[in-house]
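Data block below; observations after.
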Amino acid sequence: MQTAEAHFVEAHGARIPALGLGTWELSKRVCSRAVEQAIRLGYRHIDTAQIYANERDVGEGIRNSHIRRDQIFVTTKVWTTHFAPNDLLRSAKESLVKLRLSEVDLLLLHWPNPHVPLTETLGALAQARALGLTRHIGVSNFTVALINEAVSACPAPLVCNQVEYHPFLDQQKVLAACAAHGMALVAYSPIARGNAKSSEILTRIGAAHGKSAAQVCLRWLIQQNVAAIPRSSRLERLAQNIEVFDFELSDAEMNEIFALGSPKGRLTTTATAPAWD
Ligand SMILES: NC(=O)c1ccc[n+]([C@@H]2O[C@H](COP(=O)([O-])OP(=O)(O)OC[C@H]3O[C@@H](n4cnc5c(N)ncnc54)[C@H](OP(=O)(O)O)[C@@H]3O)[C@@H](O)[C@H]2O)c1
């Protein structure tokens, strides 16, 4: 079936819809309306985070869509200041109150925090799962070394690592580490925060398929069995970004896009970020 509803990335029993909606920087009515419209268009995966301060709006958008709860995959993330075990559980419960959900589908550690022992944080994350606050758990912005450390320290399977990934950023090492541990990679900033359209190569490849450069980015990710969570607040772009299941990039096109990647293409980093691979 050539629709978003039929495409999943599977990992440790989780079925993550391959195309989701990012909600960073969306808030209030703009956020709830984008979530509602996206679900009506066929999106079945919504990505939020405690630090985005929009979980109430995301929850409202989900309710307004009248989608059945079991038809939608909701991810939220715990911010790094809540990594002490009791804080993490309290934070996860607060997210559920704001979302007005009894559980999320996926709960992530938003960034590594070297100031709290990873074993303690992962123990609490696994406890959140055991308590039924979330169906699955995972990490975000983890490097290869941190993925290896986390997998051996975590009492429950980590289903994904959510990291920046788009044609301008080479993530082969992280992809290989995720694959080695049976984890999914979820790509954030999948259209390079809207910069895809500045690439002559992506635009040319898209034109050959009647698609935009942004759609080429998303298709390139999905053909790697990577999940992508583009964000838009505009109805026409929400519609465009999900129309990526009706064409296929050739091996030559995939490789031409891989050649655009470099470690210098990273858009998101912080003073406390780990040493990137
Ligand atoms: N785990 C983490 O640390 C982390 C970090 C960053 C992001 N994320 C998640 O990943 C999501 C996506 O990443 P992102 O928001 O950084 O960037 P993105 O999805 O790559 O790009 C979003 C930008 O592109 C524009 N856009 C959307 N569709 C477009 C299209 N078809 N053509 C041209 N421009 C388009 C949007 O503007 P309009 O709204 O005007 O369309 C917006 O400015 C976030 O919203 C968030 O949920 C997670």
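Positions are given from 1, in the same order as the sequence printed here. Order of appearance sets the numbers: ligands from 1, and atoms from 1 within every ligand. This structure is a prediction, so every number in the text was calculated from the model and none was measured.
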>> For A53, is there any backbone N or O sitting under 3.5 Å from a side-chain donor or acceptor partner on K98?
In response: no
> Which protein non-hydrogen atom lies closest to atom 47 (O) of ligand 1, naming both residue and atom, and how far is it?
Replying inline: D47 OD2, 2.7 Å
> With respect to atom 23 (C) of ligand 1, which of K211, R234, R193 exhibits the smallest heavy-atom separation?
Replying inline: R193
>> With a heavy-atom distance limit of 4.0 Å, tell me whether R237 approaches ligand 1 through its side chain, its backbone, both, or neither.
In response: side chain
> Parallel, tilted or perpendicular: which describes the rings of W220 and Y165, with under 30° parallel and over 60° perpendicular?
Replying inline: tilted
>> Please say yes or no: joined through hydrophobic side-chain contacts below 4.5 Å, possibly via intermediate residues, are L89 and L122 part of one cluster?
In response: yes
> Does V144 offer a backbone N or O that forms a donor-acceptor pair with the side chain of D277 under 3.5 Å?
Replying inline: yes
> Just by distance, with hydrogens left out, do N241 and Y43 show a side-chain donor and acceptor under 3.5 Å apart?
Replying inline: no
> Between H110 and ligand 1, is there a nitrogen or oxygen pair with a distance under 3.5 Å?
Replying inline: yes
> Which atoms of ligand 1 sit under 4.0 Å from any heavy atom of Q162?
Replying inline: 1 (N), 2 (C), 4 (C), 8 (N), 9 (C), 48 (C)
>> Applying side chain to side chain contact (heavy atoms under 4.5 Å, CB included) to T268 and Y188, what does each step give before you reach the verdict?
In response: CA-CA 10 Å; T268 300; Y188 76 66; 3.6 Å; yes
> side chain to side chain contact (heavy atoms under 4.5 Å, CB included) between S91 and T81: does it pass, once the steps are laid out?
Replying inline: CA-CA 10 Å; S91 161; T81 47; over 6 Å; no
> Identify the closest protein heavy atom to atom 46 (C) of ligand 1: which residue and atom is it, and at what distance?
Replying inline: Y52 OH, 3.3 Å
>> Does only the side chain of A196 get under 4.0 Å from ligand 1, or the backbone, or both, or neither? Count heavy atoms.
In response: neither
> Counting only N and O atoms by type, is there a donor-acceptor contact under 3.5 Å from the side chain of Q215 to the main-chain atoms of S212?
Replying inline: yes
> Should the proximity of N141 to ligand 1, defined as any heavy atom under 4.0 Å, be assigned to the side chain, the backbone, both, or neither?
Replying inline: side chain
> How are the rings of F247 and H209 set relative to one another: parallel (under 30°), tilted (30 to 60°) or perpendicular (over 60°)?
Replying inline: tilted
> Does ligand 1 have an atom under 4.0 Å from some heavy atom of S212?
Replying inline: no
> Using the ring of each side chain (for Trp, its six-membered ring), is H136 parallel, tilted or perpendicular to F73, with breaks at 30° and 60°?
Replying inline: parallel
>> Using a 4.0 Å cut-off to any heavy atom of A214, which atoms of ligand 1 qualify?
In response: 30 (C), 31 (N), 32 (N)
> Taking the side chain from K77 and the backbone from L107, do they hold a donor-acceptor pair closer than 3.5 Å?
Replying inline: no
>> For atom 4 (C) of ligand 1, what is the closest protein heavy atom, and at what distance to 0.1 Å?
In response: Y188 CD2, 3.3 Å
> Can you tell if the side chain of L202 reaches within under 4.5 Å of the side chain of L260, non-hydrogen atoms only?
Replying inline: yes
>> Tell me the contacting part of S233 for ligand 1: side chain, backbone, both, or neither, using a 4.0 Å heavy-atom threshold, strictly below.
In response: both
> For atom 13 (O) of ligand 1, what's the nearest protein heavy atom and its distance?
Replying inline: S189 N, 3.0 Å
> Which of the atoms in ligand 1, numbered in the order shown and given with their element, are less than 4.0 Å from a heavy-atom of P230?
Replying inline: 19 (O)
>> Measuring from non-hydrogen atoms of K77 to any atom of ligand 1, is the shortest distance under 4.0 Å?
In response: yes
>> Whether the side chain of T121 engages the backbone of F83 through a donor-acceptor N/O pair (distance < 3.5 Å, no angle test) should be reported.
In response: yes
> Starting from atom 45 (O) of ligand 1, which protein heavy atom do you reach first, and at what distance in Å?
Replying inline: W24 N, 3.0 Å
> If you measure from each non-hydrogen atom of S140 to ligand 1, which part falls under 4.0 Å: side chain, backbone, both or neither?
Replying inline: side chain
>> Please tell me whether S189 and E164 have a donor and an acceptor in their side chains that are separated by less than 3.5 angstrom.
In response: no
>> Quick test: of every protein heavy atom, which one is nearest to atom 28 (N) of ligand 1, and how far off is it to 0.1 Å?
In response: N241 ND2, 3.0 Å
>> Looking only at distances, can you tell me whether any N or O atom of I191, backbone or side chain, sits closer than 3.5 Å to an N or O atom of ligand 1?
In response: yes
> Is there a heavy atom in T23 that sits closer than 4.0 Å to ligand 1?
Replying inline: yes
> So which protein heavy atom does atom 41 (O) of ligand 1 come closest to, and at what separation?
Replying inline: S232 OG, 2.6 Å
>> To check your reading of the model: name the closest protein heavy atom to atom 19 (O) of ligand 1, its residue, and the distance in Å.
In response: R231 N, 2.9 Å
> Nearest non-hydrogen atom to atom 11 (C) of ligand 1 belongs to which of L235, V30, I229?
Replying inline: I229
